[in-house]
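In what follows, a structure is listed as C-alpha coordinates, so that the remarks can point back to it.
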Amino acid sequence: QSGIETVIFEDGTETIPAYACKNASSVKSVVLPDSVNIIGEGAFSGTSISSVTIPESVNEIQSGAFSGCEQLKEIMIPDNVTTIGEECFAGCKSMEKFSLGKSVKSLGSLMLKGCELITEVTIPKTVESGYTWPSVSGGCLAESMVETVIFEEGIEKIPANICQSASSVKNIILPVKENSSDGYTIEEYAFAGTSISTIKIPESVTSIQNNVFSECKYLEKISIPESVIFIGTECFEKCESLEDVSLGKNVEEYGACVF
(Lines give C-alpha, C1' and ligand atoms only; values in the text may rest on other atoms or scores of the structure.)
Protein backbone atom coordinates (compact mmCIF):
# COMPACT_ATOMS: atom_id res chain seq x y z
CA GLN A 1 0.00 0.00 0.00
CA SER A 2 1.96 2.98 -1.32
CA GLY A 3 -0.67 5.72 -0.99
CA ILE A 4 0.00 6.83 -4.59
CA GLU A 5 -3.22 8.03 -6.24
CA THR A 6 -2.07 9.09 -9.73
CA VAL A 7 0.27 7.20 -12.06
CA ILE A 8 1.55 8.97 -15.19
CA PHE A 9 3.39 6.92 -17.80
CA GLU A 10 6.14 8.80 -19.63
CA ASP A 11 5.73 9.85 -23.26
CA GLY A 12 7.35 7.29 -25.54
CA THR A 13 6.22 4.31 -23.43
CA GLU A 14 5.09 1.59 -25.84
CA THR A 15 4.16 -1.20 -23.43
CA ILE A 16 2.56 -0.89 -20.02
CA PRO A 17 4.35 -3.68 -18.12
CA ALA A 18 2.43 -6.65 -16.81
CA TYR A 19 1.19 -6.12 -13.24
CA ALA A 20 2.57 -2.56 -13.23
CA CYS A 21 -0.08 -1.36 -10.77
CA LYS A 22 -1.65 -4.64 -9.72
CA ASN A 23 -3.50 -4.40 -6.38
CA ALA A 24 -2.40 -0.79 -5.91
CA SER A 25 -5.77 0.04 -4.39
CA SER A 26 -4.82 3.64 -3.66
CA VAL A 27 -4.41 4.38 -7.38
CA LYS A 28 -7.42 6.34 -8.65
CA SER A 29 -6.06 7.77 -11.89
CA VAL A 30 -3.71 6.56 -14.62
CA VAL A 31 -2.51 8.65 -17.54
CA LEU A 32 -1.43 6.78 -20.68
CA PRO A 33 0.57 8.50 -23.44
CA ASP A 34 -0.34 8.28 -27.13
CA SER A 35 2.71 6.08 -27.71
CA VAL A 36 1.31 3.02 -25.90
CA ASN A 37 0.65 -0.05 -28.07
CA ILE A 38 0.16 -2.77 -25.45
CA ILE A 39 -1.42 -2.77 -22.00
CA GLY A 40 0.16 -5.73 -20.26
CA GLU A 41 -1.42 -8.57 -18.35
CA GLY A 42 -2.94 -7.50 -15.04
CA ALA A 43 -1.45 -4.02 -15.46
CA PHE A 44 -4.16 -2.15 -13.53
CA SER A 45 -5.88 -5.07 -11.83
CA GLY A 46 -7.28 -4.21 -8.41
CA THR A 47 -6.77 -0.46 -8.65
CA SER A 48 -9.44 2.09 -7.71
CA ILE A 49 -9.66 3.89 -11.05
CA SER A 50 -13.17 5.05 -11.97
CA SER A 51 -12.34 5.93 -15.56
CA VAL A 52 -9.45 5.62 -17.98
CA THR A 53 -8.76 6.97 -21.45
CA ILE A 54 -7.22 4.30 -23.63
CA PRO A 55 -5.19 6.00 -26.38
CA GLU A 56 -5.94 5.35 -30.04
CA SER A 57 -2.40 3.97 -30.35
CA VAL A 58 -3.26 0.86 -28.30
CA ASN A 59 -3.76 -2.35 -30.28
CA GLU A 60 -3.71 -5.00 -27.55
CA ILE A 61 -5.14 -5.17 -24.03
CA GLN A 62 -3.89 -8.32 -22.37
CA SER A 63 -5.49 -10.75 -19.93
CA GLY A 64 -6.84 -9.29 -16.71
CA ALA A 65 -5.51 -5.82 -17.47
CA PHE A 66 -8.44 -4.14 -15.66
CA SER A 67 -9.79 -7.08 -13.67
CA GLY A 68 -11.04 -6.29 -10.19
CA CYS A 69 -11.32 -2.56 -10.85
CA GLU A 70 -14.49 -2.30 -8.82
CA GLN A 71 -14.80 1.50 -9.19
CA LEU A 72 -14.39 1.55 -12.98
CA LYS A 73 -17.60 2.94 -14.49
CA GLU A 74 -16.99 2.82 -18.23
CA ILE A 75 -14.64 1.54 -20.89
CA MET A 76 -14.59 2.67 -24.50
CA ILE A 77 -12.27 0.49 -26.57
CA PRO A 78 -10.65 2.58 -29.31
CA ASP A 79 -10.77 1.52 -32.93
CA ASN A 80 -7.16 0.35 -33.24
CA VAL A 81 -7.47 -2.36 -30.57
CA THR A 82 -7.51 -5.80 -32.19
CA THR A 83 -7.07 -8.09 -29.16
CA ILE A 84 -8.70 -8.14 -25.74
CA GLY A 85 -7.42 -10.80 -23.35
CA GLU A 86 -9.10 -13.30 -21.06
CA GLU A 87 -10.87 -11.86 -17.99
CA CYS A 88 -9.76 -8.41 -19.10
CA PHE A 89 -12.57 -6.60 -17.23
CA ALA A 90 -13.62 -9.37 -14.85
CA GLY A 91 -15.05 -8.10 -11.57
CA CYS A 92 -15.64 -4.52 -12.73
CA LYS A 93 -18.85 -4.37 -10.70
CA SER A 94 -19.56 -0.67 -11.23
CA MET A 95 -19.05 -0.60 -15.00
CA GLU A 96 -22.16 0.82 -16.67
CA LYS A 97 -20.88 1.50 -20.19
CA PHE A 98 -18.83 -0.78 -22.40
CA SER A 99 -18.23 -0.54 -26.13
CA LEU A 100 -15.92 -2.31 -28.54
CA GLY A 101 -13.95 -0.54 -31.28
CA LYS A 102 -14.29 -1.10 -35.00
CA SER A 103 -11.16 -3.22 -35.47
CA VAL A 104 -11.33 -5.79 -32.68
CA LYS A 105 -10.69 -9.35 -33.87
CA SER A 106 -10.17 -11.42 -30.74
CA LEU A 107 -12.16 -11.39 -27.49
CA GLY A 108 -10.85 -13.46 -24.59
CA SER A 109 -12.90 -15.88 -22.50
CA LEU A 110 -14.70 -14.43 -19.47
CA MET A 111 -13.97 -10.93 -20.71
CA LEU A 112 -16.88 -9.42 -18.73
CA LYS A 113 -17.09 -11.95 -15.90
CA GLY A 114 -18.91 -10.47 -12.92
CA CYS A 115 -19.71 -7.16 -14.63
CA GLU A 116 -23.13 -6.84 -13.04
CA LEU A 117 -24.40 -3.74 -14.86
CA ILE A 118 -23.54 -4.57 -18.48
CA THR A 119 -26.65 -6.24 -19.95
CA GLU A 120 -26.21 -5.60 -23.68
CA VAL A 121 -23.19 -5.99 -25.95
CA THR A 122 -22.75 -5.36 -29.67
CA ILE A 123 -20.20 -7.61 -31.37
CA PRO A 124 -18.44 -5.74 -34.21
CA LYS A 125 -18.31 -7.30 -37.66
CA THR A 126 -14.52 -7.59 -37.39
CA VAL A 127 -14.58 -10.16 -34.56
CA GLU A 128 -13.12 -13.52 -35.60
CA SER A 129 -12.64 -15.19 -32.20
CA GLY A 130 -14.61 -14.98 -28.98
CA TYR A 131 -12.83 -17.64 -26.98
CA THR A 132 -9.41 -18.23 -25.45
CA TRP A 133 -8.09 -21.67 -26.30
CA PRO A 134 -7.80 -23.96 -24.34
CA SER A 135 -10.15 -22.33 -21.80
CA VAL A 136 -12.75 -24.70 -20.40
CA SER A 137 -14.82 -21.92 -18.86
CA GLY A 138 -16.67 -20.72 -21.95
CA GLY A 139 -16.66 -17.78 -24.34
CA CYS A 140 -16.06 -14.08 -23.88
CA LEU A 141 -19.48 -13.49 -22.29
CA ALA A 142 -19.48 -16.48 -19.95
CA GLU A 143 -20.18 -15.62 -16.30
CA SER A 144 -21.27 -12.11 -17.26
CA MET A 145 -24.71 -10.54 -16.79
CA VAL A 146 -25.19 -9.79 -20.48
CA GLU A 147 -28.74 -10.59 -21.60
CA THR A 148 -28.77 -9.30 -25.17
CA VAL A 149 -26.07 -9.87 -27.80
CA ILE A 150 -26.26 -8.01 -31.11
CA PHE A 151 -24.04 -9.08 -33.99
CA GLU A 152 -23.16 -6.20 -36.29
CA GLU A 153 -24.22 -6.27 -39.91
CA GLY A 154 -21.41 -7.34 -42.23
CA ILE A 155 -19.94 -10.01 -39.96
CA GLU A 156 -18.43 -12.89 -41.98
CA LYS A 157 -19.19 -15.60 -39.43
CA ILE A 158 -20.52 -16.03 -35.92
CA PRO A 159 -17.33 -17.09 -34.12
CA ALA A 160 -17.04 -20.44 -32.38
CA ASN A 161 -17.77 -20.46 -28.63
CA ILE A 162 -18.46 -16.74 -28.50
CA CYS A 163 -21.47 -17.06 -26.18
CA GLN A 164 -20.71 -20.53 -24.84
CA SER A 165 -21.79 -20.93 -21.20
CA ALA A 166 -23.14 -17.36 -21.12
CA SER A 167 -26.17 -18.45 -19.13
CA SER A 168 -27.47 -14.90 -18.69
CA VAL A 169 -27.90 -14.42 -22.45
CA LYS A 170 -31.60 -14.52 -23.39
CA ASN A 171 -31.65 -12.60 -26.68
CA ILE A 172 -29.40 -13.01 -29.71
CA ILE A 173 -29.84 -10.79 -32.74
CA LEU A 174 -28.24 -12.05 -35.94
CA PRO A 175 -27.62 -9.81 -38.95
CA VAL A 176 -29.32 -10.04 -42.31
CA LYS A 177 -27.08 -9.65 -45.34
CA GLU A 178 -28.42 -7.61 -48.23
CA ASN A 179 -27.14 -10.15 -50.74
CA SER A 180 -28.77 -13.45 -49.73
CA SER A 181 -26.22 -15.38 -51.82
CA ASP A 182 -23.42 -14.06 -49.58
CA GLY A 183 -24.25 -16.25 -46.60
CA TYR A 184 -22.41 -16.88 -43.35
CA THR A 185 -21.80 -19.70 -40.88
CA ILE A 186 -22.66 -20.03 -37.21
CA GLU A 187 -19.58 -21.80 -35.87
CA GLU A 188 -19.43 -24.59 -33.30
CA TYR A 189 -20.65 -24.02 -29.73
CA ALA A 190 -21.44 -20.37 -30.57
CA PHE A 191 -24.58 -20.25 -28.41
CA ALA A 192 -24.21 -23.44 -26.35
CA GLY A 193 -25.42 -23.13 -22.79
CA THR A 194 -27.22 -19.80 -23.21
CA SER A 195 -30.74 -19.15 -21.89
CA ILE A 196 -32.44 -18.28 -25.17
CA SER A 197 -36.00 -19.55 -25.57
CA THR A 198 -36.18 -18.74 -29.27
CA ILE A 199 -33.98 -17.19 -31.94
CA LYS A 200 -34.59 -15.82 -35.43
CA ILE A 201 -32.13 -17.34 -37.86
CA PRO A 202 -32.07 -15.14 -40.96
CA GLU A 203 -31.96 -16.36 -44.55
CA SER A 204 -28.33 -15.18 -44.63
CA VAL A 205 -27.21 -18.24 -42.61
CA THR A 206 -26.00 -21.18 -44.70
CA SER A 207 -24.35 -23.47 -42.14
CA ILE A 208 -25.02 -24.23 -38.47
CA GLN A 209 -22.05 -26.19 -37.17
CA ASN A 210 -21.54 -28.71 -34.37
CA ASN A 211 -23.12 -28.06 -30.94
CA VAL A 212 -24.22 -24.52 -31.77
CA PHE A 213 -27.30 -24.78 -29.55
CA SER A 214 -26.30 -27.66 -27.30
CA GLU A 215 -27.46 -27.39 -23.68
CA CYS A 216 -29.77 -24.46 -24.43
CA LYS A 217 -32.20 -25.88 -21.91
CA TYR A 218 -34.80 -23.10 -22.32
CA LEU A 219 -34.91 -23.21 -26.14
CA GLU A 220 -38.52 -24.01 -27.08
CA LYS A 221 -38.76 -23.19 -30.76
CA ILE A 222 -36.40 -23.14 -33.73
CA SER A 223 -37.03 -22.50 -37.41
CA ILE A 224 -34.27 -23.34 -39.87
CA PRO A 225 -34.51 -21.16 -42.99
CA GLU A 226 -34.31 -22.38 -46.57
CA SER A 227 -30.79 -20.95 -46.91
CA VAL A 228 -29.27 -23.49 -44.50
CA ILE A 229 -27.62 -26.46 -46.22
CA PHE A 230 -25.72 -27.98 -43.26
CA ILE A 231 -26.61 -28.74 -39.62
CA GLY A 232 -23.78 -30.12 -37.51
CA THR A 233 -23.35 -32.92 -35.01
CA GLU A 234 -25.23 -32.58 -31.70
CA CYS A 235 -26.41 -29.16 -32.78
CA PHE A 236 -29.42 -29.31 -30.43
CA GLU A 237 -28.05 -31.75 -27.87
CA LYS A 238 -29.70 -31.51 -24.44
CA CYS A 239 -32.22 -28.87 -25.53
CA GLU A 240 -34.71 -30.35 -23.11
CA SER A 241 -37.48 -27.78 -23.69
CA LEU A 242 -37.38 -27.90 -27.49
CA GLU A 243 -40.83 -28.77 -28.81
CA ASP A 244 -41.29 -26.86 -32.06
CA VAL A 245 -38.78 -27.51 -34.85
CA SER A 246 -39.12 -26.43 -38.47
CA LEU A 247 -36.43 -27.58 -40.87
CA GLY A 248 -35.77 -25.85 -44.18
CA LYS A 249 -36.13 -28.06 -47.24
CA ASN A 250 -32.65 -27.28 -48.59
CA VAL A 251 -30.59 -28.96 -45.86
CA GLU A 252 -28.18 -31.26 -47.70
CA GLU A 253 -26.22 -32.70 -44.81
CA TYR A 254 -26.82 -33.49 -41.16
CA GLY A 255 -24.20 -34.37 -38.58
CA ALA A 256 -24.64 -37.20 -36.11
CA CYS A 257 -27.21 -36.95 -33.29
CA VAL A 258 -28.46 -33.51 -34.30
CA PHE A 259 -31.17 -33.65 -31.63
Side-chain angles (χ1 to χ4, degrees), residues 1-118 121 123-124 126-144:
Q1 296 293 324
S2 64
I4 293 172
E5 295 188 358
T6 300
V7 178
I8 302 171
F9 289 87
E10 187 177 36
D11 287 345
T13 300
E14 295 183 357
T15 299
I16 305 299
Y19 313 112
C21 298
K22 184 177 180 180
N23 294 334
S25 58
S26 62
V27 171
K28 297 179 180 180
S29 174
V30 294
V31 180
L32 306 178
D34 290 337
S35 54
V36 173
N37 302 132
I38 298 171
I39 299 176
E41 181 175 355
F44 304 118
S45 175
T47 60
S48 295
I49 58 174
S50 59
S51 65
V52 61
T53 299
I54 300 175
E56 289 288 340
S57 56
V58 172
N59 53 52
E60 181 179 1
I61 306 173
Q62 295 184 349
S63 300
F66 294 95
S67 63
C69 292
E70 296 186 356
Q71 308 303 316
L72 185 61
K73 296 187 180 300
E74 65 178 287
I75 278 285
M76 305 298 165
I77 307 298
D79 287 341
N80 288 328
V81 173
T82 59
T83 302
I84 298 176
E86 188 171 6
E87 296 193 35
C88 194
F89 305 104
C92 293
K93 297 179 179 180
S94 300
M95 190 158 64
E96 300 172 333
K97 295 181 181 180
F98 174 81
S99 66
L100 293 166
K102 296 178 180 179
S103 301
V104 65
K105 293 182 178 181
S106 178
L107 303 174
S109 292
L110 308 174
M111 177 181 69
L112 295 174
K113 174 183 176 181
C115 294
E116 300 172 356
L117 303 179
I118 304 298
V121 168
I123 305 296
T126 52
V127 172
E128 299 173 355
S129 172
Y131 175 75
T132 307
W133 193 90
S135 173
V136 295
S137 302
C140 64
L141 300 179
E143 299 186 38
S144 73

Listed pairs under 3.5 Å, donor-acceptor, residues 11-22 side chains, sequence neighbours left out:
from, atom 1, to, atom 2, distance (Å)
Thr13, OG1, Glu10, O, 2.7
Tyr19, OH, Glu41, OE2, 3.1

Exercise answer: donor-acceptor pairs, residues 90-107 side-chain atoms, under 3.5 Å, sequence neighbours excluded:
from, atom 1, to, atom 2, distance (Å)
Ser94, OG, Glu70, O, 2.6
Ser103, OG, Asp79, O, 2.6

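A distance-only check finds a donor-acceptor pair linking the side chain of Ser67 to the backbone of Gly64 [under 3.5 Å]. Proximity of a side-chain donor or acceptor of Ser144 to a complementary backbone N or O of Lys113 within less than 3.5 Å is not detected. Between the Thr47 side chain and the Ala24 main chain, no donor and acceptor come within less than 3.5 Å of each other. For the pair Ser109 (side chain) and Cys140 (backbone), a donor-acceptor distance under 3.5 Å is absent.
In this structure the side chain of Val52 never reaches within 4.5 angstrom of the side chain of Phe44, judged on heavy atoms. Proximity of Ile61 to Ile54: side-chain heavy atoms (C-beta onward) are separated by under 4.5 Å at one or more points. The closest side-chain heavy-atom distance from Asn80 to Val58 is not below 4.5 Å. At least one side-chain heavy atom of Asn59 sits under 4.5 Å from a side-chain heavy atom of Ile38.
Val121 approaches Ile118 most closely through the heavy-atom pair CG2-CG2, 4.0 Å.
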Evaluation steps, side chain to side chain contact (heavy atoms under 4.5 Å, CB included), between Phe89 and Ile84: CA-CA 9 Å; Phe89 305 104; Ile84 298 176; 4.1 Å; yes
